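Heads up: the structure comes next, in structure tokens.
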2 protein chains.
Amino acid sequence: MKTPKVEKFGSEEDVVQLADLFRLMGDASRLRIIVSCLGDPISVGDIAAQLDLSQSLVSHHLRLLRAARVLKAERRGKQMFYSACDAHIDCVITDMMAHVGEPLDIEESD
Amino acid sequence: MKTPKVEKFGSEEDVVQLADLFRLMGDASRLRIIVSCLGDPISVGDIAAQLDLSQSLVSHHLRLLRAARVLKAERRGKQMFYSACDAHIDCVITDMMAHVGEPLDIEESD
DNA sequence: CAAATATATGAATACCTATTCATATATACT
DNA sequence: AGTATATATGAATAGGTATTCATATATTTG
């Protein structure tokens with residue numbers, strides 16, 4: 001039996017939760033911040049400097065990303081270091097880049 | 001020199017393009033529409049009926065998804081059938097669901 | 001304690017977008 | 001031709017949101 005319906009999601013809440021995560025990655029500044037945190041934990045100031053974004057903006061975005069459990073924070077002295085909560089976000093980004101790199105398949109139906 | 005260790009993206013345009021794709025998936029209605037199109041091609045009317053969305057709304061979303069090369073359209077008589085452009089979108093959604101299903105790594109025990 | 005540094009937060013705003021309603025266009029059928 | 005069906009599109013709007021500026025909070029050090 002072929003895939004019946006949209007049983008990909010368990011519930012409606014799953015869809016909303018997934019969409020929320022995608023929306024968080026759907027902003028260029030935020031996506032850059034996420035990528036900055038994929039390696040070793042990095043401080044807020046370093047993120048801002050590296051991406052040339054205001055400290056305030058970075059902090060606002062980090063709060064959203066932390067609330068959505070995309071990133072986690074850890075204090076080291078005066079600084080806060082952020083890193084990814086798990087490795088799946090990295091996978092998602094990698095997959096999406098593969099999609100972007102996909103050659104356009106115009107019409108090959110023949 | 002400006003060599004951020006964020007070498008994940010080739011260029012700034014890549015980030016924007018990726019973010020655009022994530023933003024498209026960041027709306028619950030649109031995400032449902034995408035998932036509806038992951039299997040066999042499906043008509044606009046069937047998507048609307050299946051997801052209980054207005055025909056107009058579905059059509060508006062489909063236009064965006066088609067423009068972003070997430071979905072492709074094919075005419076069959078009076079109807080238009082939509083399906084995914086490639087398999088990566090499916091991978092991305094699957095990965096993200098794994099992320100959602102990830103256990104919280106904070107101290108929740110005890 | 002006070003000063004300096006690092007980060008967070010609140011408010012204001014300008015922009016964006018999801019949705020609806022009405023209407024246009026395309027295709028099939030008689 | 002005209003009618004019915006399926007989809008697309010334009011305009012309007014309500015709600016959302018990314019960004020900036022100013023300020024507050026936390027932490028270390030003198």
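Quick caveat: nothing in here was measured; it's all calculated off a predicted structure. Residue numbers start from 1 in every chain, and the chains themselves are labelled A, B, ... in the order their sequence lines are given, proteins ahead of strands.
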Which atom pairs, one a donor and one an acceptor, fall under 3.5 Å between side chains of residues 23-31 of chain A and the rest of the protein, sequence neighbours left out?
{"from": "R23(A)", "atom 1": "NE", "to": "G26(B)", "atom 2": "O", "distance (Å)": "3.1"}
{"from": "R23(A)", "atom 1": "NH2", "to": "D20(A)", "atom 2": "OD1", "distance (Å)": "2.8"}
{"from": "D27(A)", "atom 1": "OD2", "to": "S29(A)", "atom 2": "N", "distance (Å)": "3.2"}
{"from": "D27(A)", "atom 1": "OD2", "to": "R30(A)", "atom 2": "N", "distance (Å)": "3.0"}
{"from": "R30(A)", "atom 1": "NE", "to": "L24(A)", "atom 2": "O", "distance (Å)": "2.8"}
{"from": "R30(A)", "atom 1": "NH2", "to": "R23(A)", "atom 2": "O", "distance (Å)": "3.3"}

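- Side-chain atoms of I93(B) and I34(B), non-hydrogen and from C-beta on, do get closer than 4.5 Å to each other.
- Atom pair I33(A):CD1 and dA8(C):P shows a separation of 11 Å (rounding to whole Å applied).
- For residues 42-60 of chain B, no residue pair satisfies the salt bridge (charged side-chain N to carboxylate O under 4.0 Å, His left out) rule, not counting sequence neighbours.
- Ring pair F22(A)/F22(B) is parallel by interplanar angle, where below 30° counts as parallel and above 60° as perpendicular.
- For the side-chain contact (heavy atoms from CB on, under 4.5 Å) test, residues two or more places apart in sequence or in another chain that qualify with R76(B) are P41(B), E74(B), F81(B).
- The distance from atom CG of D20(A) to atom C1' of dA18(C) is 15 Å, rounded to the nearest whole Å.
- The shortest distance between side-chain heavy atoms of M80(B) and R66(B) falls below 4.5 Å.
- R66(A) has its CZ atom 11 Å from the C1' atom of dT9(C), to the nearest Å.
- Between dT7(C), dT7(D), dT9(C), one nucleotide has an atom nearer to the side chain of M80(A) than all others, and that is dT7(C).
- Inter-residue side-chain proximity for V44(A) and L62(A) is flagged as met; some heavy-atom pair is nearer than 4.5 Å.
- Between the side chain of R75(A) and the backbone N or O of G77(A) there is at least one donor-acceptor pair closer than 3.5 Å.
- Here the P atom of nucleotide dT28(D) and the CD atom of Q79(A) are 11 Å apart, to the nearest Å.
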Interface polar pairs with nucleotides 20-22 of chain C, N/O, under 3.5 angstrom:
{"from": "dT20(C)", "atom 1": "O4", "to": "H60(B)", "atom 2": "NE2", "distance (Å)": "3.4"}
{"from": "dC21(C)", "atom 1": "N4", "to": "S56(B)", "atom 2": "OG", "distance (Å)": "2.6"}

Quick one: which protein N/O atoms are closer than 3.5 Å to N/O atoms of nucleotides 26-30 of chain C? Pair and distance per line, please.
none

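- One atom, CG of L64(B), and another, P of dG10(D), lie 13 Å apart when rounded to the nearest Å.
- dA8(C) atom C1' lies 14 Å from atom CD1 of I47(A), rounded to whole Å.
- In this structure, NZ on K78(A) lies 12.0 Å from OG on S43(A), to the nearest 0.5 angstrom.
- The residue Y82(A) sits close only to the backbone: its heavy atoms come under 4.0 Å of sugar-phosphate atoms, none of a base.
- Formation of a donor-acceptor pair under 3.5 Å by the S59(B) side chain with backbone atoms of Q55(B) is not found in this model.
- Across all non-hydrogen atoms, the minimal contact from I42(B) to S36(B) is CG2-O, 3.6 Å.
- Counting to the nearest Å, the P atom of dT7(C) and the CD1 atom of I42(A) are 10 Å from each other.
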Scan nucleotides 13-17 of chain D against the protein and return all N/O pairs shorter than 3.5 Å with their distances rounded to 0.1 Å.
{"from": "dT17(D)", "atom 1": "OP1", "to": "R23(A)", "atom 2": "NH1", "distance (Å)": "2.9"}

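- In this structure, the CG atom of L71(A) is 14 Å from the P atom of dT7(C), given to the nearest Å.
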